[in-house]
Every structure is written in C-alpha cells, then in structure tokens.
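Following: one structure in structure tokens, then a few remarks.
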Amino acid sequence: MLDHRSVNENLEEVKARLAQRNAQVDWDRFSSLIAERSQAIQAFEQRRHEQKTKSTEFGRYARDPEEGPKRRAELKELSDLIKDLEKRQGDLEAELEEFMLHLPNVPHSSTPVGGGEEDNVVVRTVGEPGSYDFEPKAHWDVGTDLGIIDLETATVVSGSRFVLYRGMGVYLELGLAMFMLDVAREAGYEPVMPPYLVLRDAMVGTGQLPKFEEDAFKVDDYFMIPTAEVPVTNMHRQTILEEEQLPIKYVAYSSCFRREAGSAGKDTRGITRVHQFQKVELVKFTRPEDSYEELEKLTANAETVLQRLELPYRVSALCTGDIGFSAAKCYDIEVWLPGQRLYREISSCSNFEDFQARRANIRYRPAGDKKPKTRFVHTINGSGLAVGRTIVALLENYQQADGTVTIPPALQPYLGGKKVIRRGEW
RNA sequence: GGAGGAGUGGCCGAGUGGUCGAAGGCGACGGUCUUGAAAACCGUUGACUCUUUACGGGGUCCGGAGGUUCGAAUCCUCUCUCCUCCGCCA
C-alpha cells in the first residue's frame, strides 16, 4: 500500500508512474477523499475536545437541581452529534483505506518502462544451452516415459492441472528441496516451514488481497497460500523490530496453491503451471537504504542453485507494464528448456520497498539517536527456486538419447549418490 | 468438543464509572557523583494521527468489534488468543 499523504504530496509524479504500469485510477475520487477525510477528522476532534472539557466540568454540577439537568441535556445533544461525526470520519477513513489497497506499487526508477513482456530487459545470460545429437524432448514426455511424472493419474484423482510424482520423482522433489535449503542456509537464511492456511489479513498484508481474491483457493475462512511469501512475510506483521536485527533472512519450503484463474489454455501441457506445487522461497526484511543491494544478493542466492545444477539461464528486469502489483522492481530468472526451446521463469525476485510493510505494519526502530521514530522495513523475496520447474529443467537439460536422465554432481548427494534416473528404479 | 481462568505501556504489574495514556517496579537512555566503573540520587522513556512555517495545540488506542452512559481500562453483548482440567486425536 502506498502512503496516501505522500501520494497526495507527489500527485502528478505518482499519476505518471502508475500510468506506466497501465493502472486505471480514479484520481478525482482520491483527491476528494483526502479533502473530505481531513475535514471530517477536524470536525470530530474539535467536538470531542469540547465534550471532554465539559464532561469533566459536569462532575461538579451533576447533583445540582438547577444546573444538573440542564447541562446533562446539553451534553446529551453534543454526544449524539459526536456519534454522527465519528461515524462519518470512520466511513471516510475506511473508504480511503480501501482505495489505497487497490493501488499498485510505484515502480522503482531502475525498472524499465514498457507495456508488456516484450519490453522486459535481459540483464545477463549465464551458461550455454547444451547441444544434443538427438531431438530433445519436452519434460512431459521425458518424465512420463521414466514413470516419475504421472499426469494421467493426477487427472483421475484431482482433475486438470495437477501432478502426481512417483518413484524417483518423489526423491527428486525432496532432494532438490533439501539442496536448495542448504544453499540458502550457507547464505545465512533461517529455515522456516510455515502453515499453508492463512488468515485473510495475511493475504492483504502481502498484497494478494483484496484485489486478486479470485486467484486464491479458500477453505472456510482461510486462504491457501499461493506462495510461502505470505506466511513468512506476515511472521512480523504488527511488530516493531530493532535495527540490529536487520536484515532478517528466511528460507521457507512449502506447497503453493493457485487457482490459475485467467490463464485458461496457457501452459496446459506438463507441469509448468499447476494448482499445487512446491517452492523454496527466500524472504528478507531490510532497512530501506539496503533493500536494492539486498535484492541483488537475494537474486544471486537464487542463481547459485542454477549454477550448481549447471543449468543455463538468463535474468530479466521486468518492465513497468509486466511487474507484479506489489513490486517496485522485479527480476525474473528464466531457465533454458531445450525440449521446448524456450526460457521459462523459474524464480521471480522482487523488492516491494515498504509496500507490504505498510500493509502488514512491519516497522523497525532505528538505532542510535535518542528518540528514533519508527520506520517501515523493506521486504524482498524470491523463489530459490520453484521445485517443480527445476525438475522440468533437469529433465529437459539432462535427458539422454536412451531416455535416461543424468543427475548433476551437486545434486547427487541428495539422491543417495544416484547418478542416473532410469525407468523402474527407485 | 466440555468446564473454569486470564488478556493493561519494551517487560512485570496496580487500577470496578469522571481529574487515567494509565500507580509502582524492572529495563533502557541522559545527568549528578567517581580517576573509571558500580552503588546511590535526579530526570527522560509507547504507537498512530489531525493541525501548524515553526513553537505548540488537539484526537485515537488498556486483545478485537459493538453497546449502555453526559462520561468507560472499569458495566453489558459478541468475538479472538493464551493457560488449567476433562474428552477426542496424527
């Protein structure tokens, strides 16, 4: 959420910046809300002050047969008026809050300006796509032939857009997760396994709600997490941290659940877009002045996984038209998939600045000075990595002509020393 | 699920209708004293928000929401969380 005061102070600039990300905003409504709210608050507070003064004074006259009833009646009238004023103030504040919750974040100055995916900027390409003396297959063929990905059975059990891993597919999933956790641990992240069901407030805190409710699965009053970013970022909601604690770094392993509303027909083959997948997520809480440096580091931490797995990839800076609702800056890490001959997103690393912190009310107290005012932290997160898509990348990049898949050395210790995945072996 | 109990400032803990944002203690910070430190003593010490160039002046918040009242930390209703006992359970 943006701060309505600073938006109001920099109105023209914010208008222009949000227009770059194609946000439709009723700015006239914003301006009138600001004015009405301020007016309502002042009216209420003025009367409230009057009431406090007179009520205290009333104590002296309460039992006076002359003054008592007279003053009581007068105060009753004032009290009724105040109730109306208070309600009006509350209504306006709620309306402004609702308005602000629907505004996306302002893109950072380093975010490329552009209308859509085609305007994203590749900032680096790492590793060379391998060469194959046969036609590399897509992962759905490789995985199905090996018997480690069973899409047909998943459909029987749960319908479309689900995956069922079996045999070595299971160990691949868990081994990769452990490997990624270790990479993050080396970089100083504390491991977390969060709840998969969260309160509505948590979803509002990280920006999934109220605007994107149709994207989430709901169970009773709970929401199923679309990413561990939600429970992990909200670990510190409504709290004031000490500056010495920052940066706080967590790595979480969790399943993620997404409706994939609005992506009908997109990526229907294979396991790149399913309703449930697992992901290792990196989350940081930092001082504002450090957040962009920390974003670079976090992105590098995610890249380490690909480098050790020796998978070719590239990193793109998303443009203003393609960036997520809550993000000010975002890098996508895309892994090369020879079977499909394309780069596919495997991680998305974003700096939200204080956008989430303001929603979830996550602050810190600067060290040093006598009476430091609390400030909002900056939050950063990124996948490190999406496990399912990493399996996709391994299957497509390490497939052999005979249908087997070799396991990169860095991962072998996590798979009991196994070097090759063969059909029927687990 | 049933029966009790409890939620107050960074922490502990008083406070059952008015002058309470809230005693007292601890902690932290500043100062006096000291060669230095400790002790002692004095002082400061919540968040948010409106208004103001500034100085300042208001308002809100005692788990949350609503209600009663001229006036609520205090009374009422609902709700959330935690603790104890019983039941159930991976």
Side-chain angles (χ1 to χ4, degrees), chain A residues 1-9 30-101 193-205 219-223 231 234-246 248 255 285 354-377:
Chain A
M1 181 164 59
L2 301 174
D3 174 25
H4 63 76
R5 276 171 295 272
S6 63
V7 170
N8 193 42
E9 279 163 26
F30 173 77
S31 294
S32 65
L33 269 174
I34 291 284
E36 287 172 42
R37 183 189 89 110
S38 169
Q39 193 186 14
I41 288 174
Q42 287 176 56
F44 164 73
E45 291 186 351
Q46 188 193 331
R47 292 303 190 155
R48 173 67 99 192
H49 180 59
E50 185 183 339
Q51 181 188 43
K52 283 185 143 183
T53 313
K54 288 187 173 170
S55 276
T56 305
E57 193 182 273
F58 173 76
R60 290 205 299 272
Y61 297 94
R63 264 171 277 176
D64 185 319
E66 279 293 313
E67 283 288 298
K70 201 178 110 192
R71 289 187 180 237
R72 185 187 299 274
E74 193 186 316
L75 281 168
K76 171 66 177 162
E77 208 174 305
L78 183 60
S79 172
D80 290 341
L81 172 64
I82 287 169
K83 274 176 189 144
D84 289 346
L85 291 173
E86 190 172 20
K87 183 172 186 318
R88 175 165 169 73
Q89 176 189 339
D91 289 349
L92 283 165
E93 295 207 308
E95 195 179 337
L96 180 61
E97 165 96 359
E98 185 67 13
F99 187 96
M100 297 311 291
L101 282 174
M193 277 193 86
Y196 292 1
L197 267 50
V198 295
L199 299 172
R200 178 174 207 96
D201 281 350
M203 293 284 278
V204 173
V219 181
D220 291 341
D221 289 335
Y222 298 105
F223 286 87
N234 279 284
M235 281 166 67
H236 295 299
R237 66 177 294 106
Q238 302 289 345
T239 56
I240 300 176
L241 302 162
E242 295 302 327
E243 181 169 5
E244 300 79 55
Q245 295 176 261
L246 304 175
I248 295 175
S255 292
F285 301 80
D354 62 7
F355 191 83
Q356 294 181 325
R358 183 172 287 107
R359 286 173 166 246
N361 199 17
I362 307 168
R363 291 170 289 166
Y364 77 99
R365 194 183 305 281
D369 306 298
K370 286 172 193 162
K371 274 183 156 182
K373 196 166 158 46
T374 58
R375 303 171 69 191
F376 288 110
V377 300

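Across rC61(B) and rG1(B), the matching C1' atoms stand 35 Å from one another, rounded to whole Å. With P as the reference atom, rU74(B) and rU8(B) are 14 Å apart, rounded to whole Å. With P as the reference atom, rA3(B) and rU79(B) are 13 Å apart, rounded to whole Å. The C1' atoms of rG24(B) and rU84(B) are separated by 29 Å, rounded to the nearest whole Å. Going from the P atom of rC83(B) to that of rU45(B) covers 35 Å, rounded to whole Å. For the C1' atom pair drawn from rU69(B) and rA54(B), the interatomic distance equals 41 Å after rounding to whole Å. Only the C1' atoms considered, rC89(B) is 16 Å distant from rG2(B), to the nearest whole Å. Comparing the P positions of rC20(B) and rA73(B) gives an interatomic distance of 12 Å, to the nearest angstrom.
When the side-chain nitrogen and oxygen atoms of R363(A) are compared with OP1 and OP2 of rC48(B), one or more of them lie within a distance under 4.0 Å. For H49(A), a side-chain nitrogen or oxygen approaches OP1 or OP2 of rG59(B) to under 4.0 Å.
Under the Watson-Crick or G-U wobble criterion, with both distances below 3.5 Å, rG43(B) is paired with rC29(B). In this structure, rA37(B) makes no Watson-Crick or G-U wobble pair, since no nucleotide meets both defining distances under 3.5 angstrom. The base-pairing partner of rG9(B), taking Watson-Crick or G-U wobble contacts with both distances under 3.5 Å, does not exist among the strands shown. Remark: rG18(B) base-pairs with rC70(B); criterion is Watson-Crick or G-U wobble with both hydrogen-bond distances under 3.5 Å. For rC85(B), the paired base is rG2(B) (Watson-Crick or G-U wobble, both distances below 3.5 Å).
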Which parts of nucleotides 61-74 of chain B does protein reach within less than 4.0 Å, heavy atoms only, written one letter per nucleotide 5' to 3' as B for base, S for sugar-phosphate only and - for none?
-> ---------BS---
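One interatomic measurement links the two molecules: CD of Q46(A) to P of rG58(B), which rounds to 13 Å at whole-angstrom precision. Atom CD of E244(A) and atom C1' of rG10(B) are 14 Å apart (whole Å). The CG-P distance, from L85(A) to rG59(B), rounds to 15 Å in whole Å. K52(A) has its NZ atom 6 Å from the P atom of rG21(B), to the nearest Å. Atom OH of Y222(A) and atom C1' of rC80(B) are 11 Å apart (whole Å). Across the protein-nucleic acid pair, R47(A) atom CZ and rU60(B) atom C1' stand 19 Å apart, rounded to whole Å. For the pair D201(A) CG and rC80(B) P, the interatomic distance rounds to 14 Å; values are reported in whole Å. One atom, CD of E242(A), and another, P of rA47(B), lie 11 Å apart when rounded to the nearest Å.
When each of N361(A) and Q89(A) is assigned the nucleotide of RNA chain B bearing its nearest heavy atom, the one mapping closer to the 5' terminus is N361(A).
Closest heavy-atom contact between T374(A) and R363(A): OG1-NH1, 3.6 Å.
Rounding to the nearest 0.5 angstrom, the gap separating the CD1 atom in I362(A) from the CG atom in L241(A) is 7.5 Å.
Legend: residues meeting salt bridge (Lys or Arg N to Asp or Glu O under 4.0 Å) with D84(A), ordered by chain and number and at least two apart, are absent. Contacts of R48(A) classified as salt bridge (Lys or Arg N to Asp or Glu O under 4.0 Å), with partners at least two apart in sequence or in another chain: E86(A). Listed by chain and residue number, nothing satisfies the ring pair (Phe, Tyr, Trp, His ring centres under 6.0 Å) test with Y196(A) (two or more places apart in sequence, or in another chain). By the salt bridge (Lys or Arg N to Asp or Glu O under 4.0 Å) test, R37(A) pairs with E93(A), sequence neighbours left out. Looking at residues two or more places apart in sequence or on another chain, you find no side chain to side chain donor-acceptor pair (under 3.5 Å) involving E97(A). Taking the side chain to side chain donor-acceptor pair (under 3.5 Å) definition, one finds that K87(A) meets it with D91(A), sequence neighbours left out. Under the salt bridge (Lys or Arg N to Asp or Glu O under 4.0 Å) criterion, K52(A) pairs with no residue at all, not counting sequence neighbours.
The neighbour count for E77(A) CD, taken as heavy atoms of other residues, nucleotides or ligands under 6.0 Å away, does not exceed 12.
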Between the protein and nucleotides 50-52 of chain B, which nitrogen or oxygen pairs are less than 3.5 angstrom apart?
residue, atom, partner, partner atom, Å
rC50(B), OP1, R5(A), NH1, 2.9
rC50(B), OP1, R37(A), NH2, 2.6
rU51(B), OP1, S38(A), OG, 2.9

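Between the R358(A) side chain and the M1(A) main chain, a donor and an acceptor come within less than 3.5 Å of each other.
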